[in-house]
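What follows is a single structure, written as structure tokens, with notes after it.
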Protein chains: 2
Amino acid sequence: MENAISNLITTYHELNASVIDQLDEEPSPLTFFRYVAKNRPFVVRQAATEWKAYNEWNAGYLRKKMEGESVKVAVTPLGNADAVVKQQDGSLVFVEPYETTEDFSSFLDYVQSSSTKGAGDTKNVKYAQTQNDNLHDEYANFLPDIPKDIPWARIALESHADAVNLWLGNDRSITSLHKDNYENIYVQIRGQKHFTLLPPCEMPCVNETFLPRGRYAPTAHPGRNEEEEGRLQVALENEASEKVPVAIWDPDVADQNTTRYSYLANPLRVTLEEGDMLYLPAMWYHKVSQTAGEEGFVCALNYWYDMDFSGHFWSGNNFVRDVVGEEGGQGSMGSSVGMSGKGAGEAREEK
Amino acid sequence: MENAISNLITTYHELNASVIDQLDEEPSPLTFFRYVAKNRPFVVRQAATEWKAYNEWNAGYLRKKMEGESVKVAVTPLGNADAVVKQQDGSLVFVEPYETTEDFSSFLDYVQSSSTKGAGDTKNVKYAQTQNDNLHDEYANFLPDIPKDIPWARIALESHADAVNLWLGNDRSITSLHKDNYENIYVQIRGQKHFTLLPPCEMPCVNETFLPRGRYAPTAHPGRNEEEEGRLQVALENEASEKVPVAIWDPDVADQNTTRYSYLANPLRVTLEEGDMLYLPAMWYHKVSQTAGEEGFVCALNYWYDMDFSGHFWSGNNFVRDVVGEEGGQGSMGSSVGMSGKGAGEAREEK
């Protein structure tokens, strides 16, 4: 099947641009839908410059709006939430962050003061990255500052946003390569985000491997405050828990954890500046790093819309997975099997 | 790969309706584009009842408009233009019709008088089925009677129709299962058309087999008029000519020429009545039979729009072909290989 898989990726590249389309202005619903249909990303530069969020949000304003409020914070030693961690025995684990609840203002202080750490700094990295429609929950105070929907997306997709999320952190956090089963409109407010994007057909390149789950947890030190202690270690879930498929190839470390197809990948890269908007199509792999704005933090919003599982797109992507899985042993880990038989019902769980 | 291929087809069916959508009225460009994006057909009943063609076209009107004009006619013994014919030695050939040029009025006489032949009737079948934008060529006299474009298709697809064709024949002609690399809007004017439709992912079911080409030709009888003679026989192209991939499974004779996947096919069936419109999406397999209208002929129009080869649709369908081809030997003919490596450049030739 090696030829078929290679042909899939090279034919896709022959027929599609190797850069991201840049639109001069927000698209009409029909123009937007053309991108959805093709499952191709685009950027609209300076699309959000009239938003109150863009015009008002600075550290002082955010603190004032959130006075007395607590928020959930992801804490990691290296800015690596939801990421692959190599254990001392060489095995890989998919590790989720330690989660705390903190006073917003203290959290923002921490983010601002810990931006761009130097070598040897062991201070943990904090990132507000709850992806549970947090703007209708813990950040509801900010709702008046943003559109409740992206009009052209709502009209084209015939639905309201399923979730609107705020992301707040600094340049020490990196979101590792993954995909979501959602149409995603991403809006940069403060700082920059650097996206590396791979289309769904490059699934054979990313070395999806079933890994055990773990979670960062503070090392126990009776009598000491966890926060002061700060040393986080990976706690594995029990062995009976289901393993999760994780892309272990990193396009920025392209010679490690490769499959025989990784060299065919053609990652698209784009940096969002303050006020820019990105359409990140459903099921595109994306890795995201960031650069802090002038006040030492990065803030972005995203609107998730349900993707359409009908038509040929979902079943076609499943087919690629199945073929790669049945081909077997593609990955350097030797455990990279496809998610055969994963039906539509399960599809919505992955986010 | 058998599981992967079976999963592709069954997952598609799980996620898509088993009947054709029926719209109450012509869609907006955005609604139409939703169907294009999903690559799903729909019917709009009575969409063309205001067209002059629908209201005026009867045998007398057609004759008058075409007075003195000649047209190209496909002649076959059994109504089987562009179809698979079994030779005496059991081998299959893809046979194109004998082509003549006839006075339009005489042709229409023949069509009307030969409708619904009885057993034992050996009279040839004639069908005006040139698919070369014939309404801007030999049938240009009818152009004022039809819209030059389908507005919602033109707006959604951002292009004018690449070809507008008239089809004129009777119930003795059958168009065998095939696909076109075009978005197709089909409009019934007189009589009925009975469509059997299969989505592109059912490619593994249809047993695409490379067959030699042939063409019907009159048996030579010096001194006799070909037309009087009428006996057509298959003339093979020379052996060096390229074989063509042909779907040899017929959903109406489902137990013959099967592949191991044919039983998974779920053909959609729809009959177009006079005034009805069908969106037949690009790359859907379709077989078409017809029933004559009250004057003994069938007349339809179709608008072909260029399909979009970018995005994931074309490359994804190619991938299915390649996997089926690499799996090999799926067909009862043992020669059913995929069209591996068929690039975008070649794609447009198939119509």
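Below, chain A is the first sequence line, B the second, and so on; all start at residue 1.
Between B/Phe33 and A/Phe33, the ring planes are perpendicular. Angles over 60° get that label, and only those under 30° would be called parallel.
Neither the backbone nor the side chain of B/Ile9 comes within less than 4.5 Å of any heavy atom of chain A. Both the backbone and the side chain of B/Val320 come within contact range of chain A, each with at least one heavy atom under 4.5 Å from a heavy atom of that chain.
Applying the side chain to side chain contact (heavy atoms under 4.5 Å, CB included) criterion to A/Asn302, with sequence neighbours excluded, gives A/Asn165, A/Trp167, A/Asn184, A/Tyr186, A/Trp304. A search for side chain to side chain contact (heavy atoms under 4.5 Å, CB included) contacts involving A/Asp308 returns A/Ser310, B/Lys38, not counting sequence neighbours.
Ranked by non-hydrogen atom pairs under 4.5 Å with chain A, the options B/Asn317, B/Asn39, B/Val323 are led by B/Val323. Residue with the most contacts toward chain A among B/Pro200, B/Ala156, B/Pro199, B/Ser6: B/Ala156 (heavy-atom pairs, distance under 4.5 Å).
Here the CD atom belonging to A/Glu327 is positioned 6.5 Å from the CE atom belonging to B/Met1, to the nearest 0.5 angstrom. In this structure, CG on A/Leu157 lies 8.0 Å from CZ on B/Arg34, to the nearest 0.5 angstrom. Atom CG of residue B/Asn16 and atom CH2 of residue A/Trp314 lie 13.5 Å apart, to the nearest 0.5 angstrom. One finds the CG atom of A/Asp322 at 8.5 Å from the CG atom of B/Leu8 (value rounded to the nearest 0.5 Å).
When every heavy atom of A/Thr11 is checked against every heavy atom of B/Ser315, the shortest pair comes out as CG2-CB, 3.9 Å.
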Item checked: Derivation of the side-chain contact (heavy atoms from CB on, under 4.5 Å) call for B/Glu2 and A/Glu326 -> CA-CA 9 Å; B/Glu2 194 172 340; A/Glu326 290 195 28; 5.9 Å; no
